[in-house]
Student: 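Sharing a structure, written as structure tokens. Questions coming.
We name chains A, B, ... by the order of the sequence lines, and we start the count at 1 in each one.
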Amino acid sequence: MITVRLYGLFRLESEKPVYQFEPVQDVAAVLSLLAKESRLGLKDWKKAVIYVNGTAIDKLSMFRTQLKDGDVLSVLSPASGG
Amino acid sequence: MEEFFHNRCILSPEEQTKISEATIAVVGAGGLGGYVLNGLARLGARHIKIIDSDVFVPSNLNRQLYAYKQTVGKSKAISAAEALNNIPGCVPQAVEEELREDNAERILTGVGIIFDCADNIQTKLLLEKHCLKKTIPLFHGGVDRTYGQAAFILHKPLLAGFLNRASATENAVILPQLVSALQLQLFVKYIKNNNLSDIICYIDAEAMELFRIENSDS
């Protein structure tokens, strides 16, 4: 299974704080599943800061980052208020 | 000083002296800034520059430490400075100016440590740029609803790539207190270890989780 843990705005605006999916090829595929199963659209999910097992996807292959069974994605939104 | 006797549980006498001798700027004296200023003064900081051009408005009363019925309409920087004057040794300086590209150099002259408690991305990015250029430690805070982050930035840019994915914000009283406490803890860590690496802590109060994240720009 692929586990997706939501934080920040994504946790507040999604129906569930944690999603689990059967293994899929990459991060883009997970975002498509999230868009399908939640009230947020793909455009919203693509704005997230995403980590795969604690490593930012910006340092991997962004949305093409390959996934395997057991991977944990953390999906969060930064805060800019003071 | 007797007033700071109990700080010995987290600070050695030498570290306490480092704090009292530091010149610190806090940019923004609202939600985060109010609690950061209070914490700094009680940690024994003496030379604190409080930079904020705003006045308190009634909608600040839900969360900003120095917003009271009697300070509505009054300068945030001056109200905070007046409160800090009551803490022994503290010599706050109120700067009622908006920090901008063309005045940052002048306003921040002589400052060795900066806290980012600003309420807008533009000022946060300006502070990061200034601090990295001058090698000044920056203690960043950002809050929104039930989540936020605190960061120690000295070596690598973080905010430019991170905050462009932030959305509009709205705040109650809890998150500014949590994130300001993290900013202060990062400050204490830096005082204890000047070789501290950059750190970003993310907190989600709804999830009851606090964790370190890595800087994706590094």
Student: Is the number of heavy atoms from other residues, nucleotides or ligands within 6.0 Å of CD1 (B/Ile174) greater than 12?
Tutor: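 Incorrect, the count does not exceed 12.
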Student: Please give me the minimum heavy-atom distance between B/Val143 and A/Ala79, naming the atom from each residue.
Tutor: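 Closest approach of B/Val143 to A/Ala79, heavy atoms only: C-CB, 3.5 Å.
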Student: Under 6.0 Å from the NZ atom of A/Lys46, do we count more than 12 heavy atoms belonging to anything else shown?
Tutor: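 Not more than 12 within 6.0 Å, no.
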Student: With only heavy atoms counted, which part of B/Asn120 is less than 4.5 Å from chain A, the side chain, the backbone, both or neither?
Tutor: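 Only the backbone of B/Asn120 comes within 4.5 Å of chain A.
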Student: Over all heavy atoms of both residues, which pair between A/Ser80 and B/Thr169 is shortest? Give the atoms and the distance, please.
Tutor: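 Heavy atoms only, the tightest pair is OG-CG2, 3.5 Å.
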Student: Would the number of heavy atoms belonging to other residues, nucleotides or ligands and lying under 6.0 Å from CD of B/Glu170 be above 12?
Tutor: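 Result for CD/B/Glu170: open.
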Student: Please give me the minimum heavy-atom distance between B/Arg165 and A/Pro78, naming the atom from each residue.
Tutor: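 Distance-wise, the nearest heavy atoms are O-CD, 3.5 Å.
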Student: Quick check on A/Thr55 against chain B: is it the side chain, the backbone, both or neither that has a heavy atom closer than 4.5 Å?
Tutor: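 Looking at A/Thr55, backbone and side chain both touch chain B.
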Student: Can you tell which part of B/Ala207 gets under 4.5 Å to a heavy atom of chain A, answering side chain, backbone, both or neither?
Tutor: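 Both backbone and side chain.
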Student: Which atoms form the tightest heavy-atom contact between B/Asp204 and A/Gly8, and what is the distance?
Tutor: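 Result for this residue pair: OD2-N, 2.7 Å.
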Student: Are more than 12 heavy atoms, taken from residues, nucleotides or ligands other than B/Glu97, located less than 6.0 Å from that residue's CD atom?
Tutor: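 Result for CD/B/Glu97: enclosed.
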Student: What option among B/Asp116, B/Asp119, B/Leu175 has the most heavy-atom pairs under 4.5 Å with chain A?
Tutor: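 The candidate making the most pairs under 4.5 Å is B/Asp119.
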Student: Would you say that more than 12 heavy atoms from the other residues, nucleotides or ligands in this model lie under 6.0 Å from the CZ of B/Arg100, or not?
Tutor: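 For B/Arg100, atom CZ is crowded (more than 12 foreign heavy atoms under 6.0 Å).
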Student: Look at B/Arg212, B/Glu209, B/His140 and state which one has the largest set of heavy-atom pairs under 4.5 Å with chain A.
Tutor: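 Greatest number of close heavy-atom pairs with chain A: B/Glu209.
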Student: Should we say atom NZ of B/Lys189 is surrounded by more than 12 heavy atoms from elsewhere, each under 6.0 Å from it?
Tutor: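 Count not over threshold, so no.
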Student: As an exercise, state the distance from CG of A/Leu9 to OG1 of B/Thr146, rounded to the nearest 0.5 Å.
Tutor: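 Atom-to-atom, A/Leu9:CG and B/Thr146:OG1 are 8.5 Å apart.
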Student: To the nearest 0.5 Å, what is the distance between OG on A/Ser77 and CZ on B/Arg145?
Tutor: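 With rounding to 0.5 Å, OG (A/Ser77) is 8.0 Å from CZ (B/Arg145).
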Student: When you measure from the side chain of A/Tyr7 to the backbone of B/Ile203, do you find a donor-acceptor pair of N or O atoms at a distance under 3.5 Å?
Tutor: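 Here the side-chain-to-backbone pair does not exist.
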Student: B/Gln64 versus chain A, heavy atoms under 4.5 Å apart: side chain, backbone, both or neither?
Tutor: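 Neither; nothing under 4.5 Å.
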Student: So do A/Leu76 and B/Phe211 actually touch side chain to side chain, heavy atoms under 4.5 Å?
Tutor: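 With C-beta onward as the side chain, the pair touches.
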